[in-house]
Amino acid sequence: MDVQVESGEGNMPKHIAIVMDGNGRWAQAKHLPRTAGHHAGAKAVRRTVEYCAQQGIEVLSLFAFSSENWRRPKEEVDLLMRLFITTLKQEVKRLNENKIRLRFIGDRSAFSQPLQDKIKESEQLTCKNTGMTLIIAANYGGRWDICQAAEKIIQQAVANNDSNFKVTEQLLEGCLETAGMADPDLFIRTGGEKRISNFMLWQMAYTEFFNSAVLWPDFNEDYLSEAIFDYQNRQRRFGRTGEQVDSKQ
Ligand code: IPE
Ligand code: IPE
Ligand code: MG
């Protein structure tokens with residue numbers, strides 16, 4: 001594992017991963033339908049993306065729809081799918097203006113053809129951008145990601161007629177949906193729950209967790225700065241002792 005032991009103020013996280021939770025409860029508290037929470041959540045996405053890009057964050061990963069979210073009522077799932085399409089249509093121009101490269105991770109084959117097309121098109125339209133990479137996890141599950149990586153390795157071995165192949169961390173990492181990206185440094189979950197909910201299980205082995213009680217539609221630049229500040233004041237040890245990290249051994 002490529003480890004970094006930087007800590008202290010001024011050390012910005014390169015990759016921030018967020019579980020954007022609390023849309024439903026936000027709406028409920030206002031006596032609105034859950035769908036209103038998802039609409040408000042989309043605005044918080046825009047604020048967060050633009051702020052992270054301004055702050056020089058290299059990669060921002062947002063969990064938009066988990067492989068388990070299909071279990072929700074059909075009307076809510078349908079609304080979320082429609083919201084993805086309309087948001088993509090609206091935002092691509094803005095992403096280009098901000099030089100943001102968009103990438104989707106997750107099993108997109110389960111989406112309708114129009115949504116799959118829109119995803120592909122928006123990735124293509126932003127692929128030459130050199131600023132922040134925005135990863136949207138849609139129909140994503142950490143377990144699924146590890147399984148699909150294992151499948152790729154097996155397929156390769158079969159194709160090469162190689163029965164002695166070794167599964168190394170490096171090999172598996174290179175087959176994950178996030179291949180080529182640094183692991184998240186900072187993981188933020190809004191909405192107060194203290195769980196990963198099947199987000200980037202492999203990638204978050206050494207990620208710093210920040211839990212916020214704020215419901216996602218209320219999340220803003222100030223809360224994000226607070227999370228970054230908290231991160232900057234932690235000591236990442238990656239198995240070493242604190243003394244070793246202090247003396248940069
Ligand atoms: C997160 O908010 C959005 C998605 C999972 C798509 P929720 O919809 O889970 O909000 P709560 O947890 O019910 O408040
Ligand atoms: C996690 O939130 C998934 C997303 C934010 C997309 P959930 O609301 O689905 O998580 P659980 O079910 O409370 O763990
Ligand atoms: Mg939730």
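All ligand and atom numbering here is 1-based and tracks the order in the structure.
Considering only heavy atoms from C-beta on, Trp202 comes within 4.5 Å of Glu169 through its side chain. The side-chain heavy atoms of Gln235 and Asp246, taken from C-beta on, include a pair separated by under 4.5 Å. Between Gln203 and Ser61, the closest side-chain pair of non-hydrogen atoms is not below 4.5 Å. You'll find the side chain of Pro114 stays beyond 4.5 Å of the side chain of Asp117, heavy atoms only.
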Enumerate, atom names and distances included, each donor-acceptor pair closer than 3.5 Å involving a side-chain atom of residues 80-89, sequence neighbours excluded.
unit_1, atom_1, unit_2, atom_2, d
Thr86, OG1, Arg82, O, 3.1
Thr86, OG1, Leu83, O, 3.2
Thr87, OG1, Leu83, O, 2.5

With a cut-off of 3.5 Å and sequence neighbours excluded, list every side-chain donor-acceptor pair involving residues 155-165.
unit_1, atom_1, unit_2, atom_2, d
Asn160, ND2, Gln156, O, 3.3
Asp162, OD1, Asn164, N, 3.0
Asp162, OD1, Phe165, N, 3.3

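In this model, a donor atom of one side chain and an acceptor atom of the other lie less than 3.5 Å apart for Arg101 and Thr133. Ser225 and Asp222 form no side-chain donor-acceptor contact under 3.5 Å, judged by distance and modelled atom types alone.
Ring pair Phe219/Trp216 is parallel by interplanar angle, where below 30° counts as parallel and above 60° as perpendicular.
With a 4.0 Å heavy-atom cut-off, ligand 1 is reached by no atom of Gln28.
Contact residues of ligand 2 (protein heavy atom closer than 4.0 angstrom to a ligand atom; sorted by chain and number): Val19, Met20, Asp21, Phe63, Ala64, Phe65, Ser66, Asn69, Arg72, Arg189, Arg195, Ser197.
In the vicinity of His38, heavy-atom distances shorter than 4.0 Å reach the ligand 1 atoms 3 (C), 8 (O).
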Requested in this report: Might you work through the side chain to side chain contact (heavy atoms under 4.5 Å, CB included) test for Ile136 and Phe65, ending with a clear yes or no?
Outcome: CA-CA 9 Å; Ile136 302 289; Phe65 191 86; over 6 Å; no
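Counting only protein N, O or S atoms closer than 2.8 Å to the Mg ion (ligand 3) gives 1.
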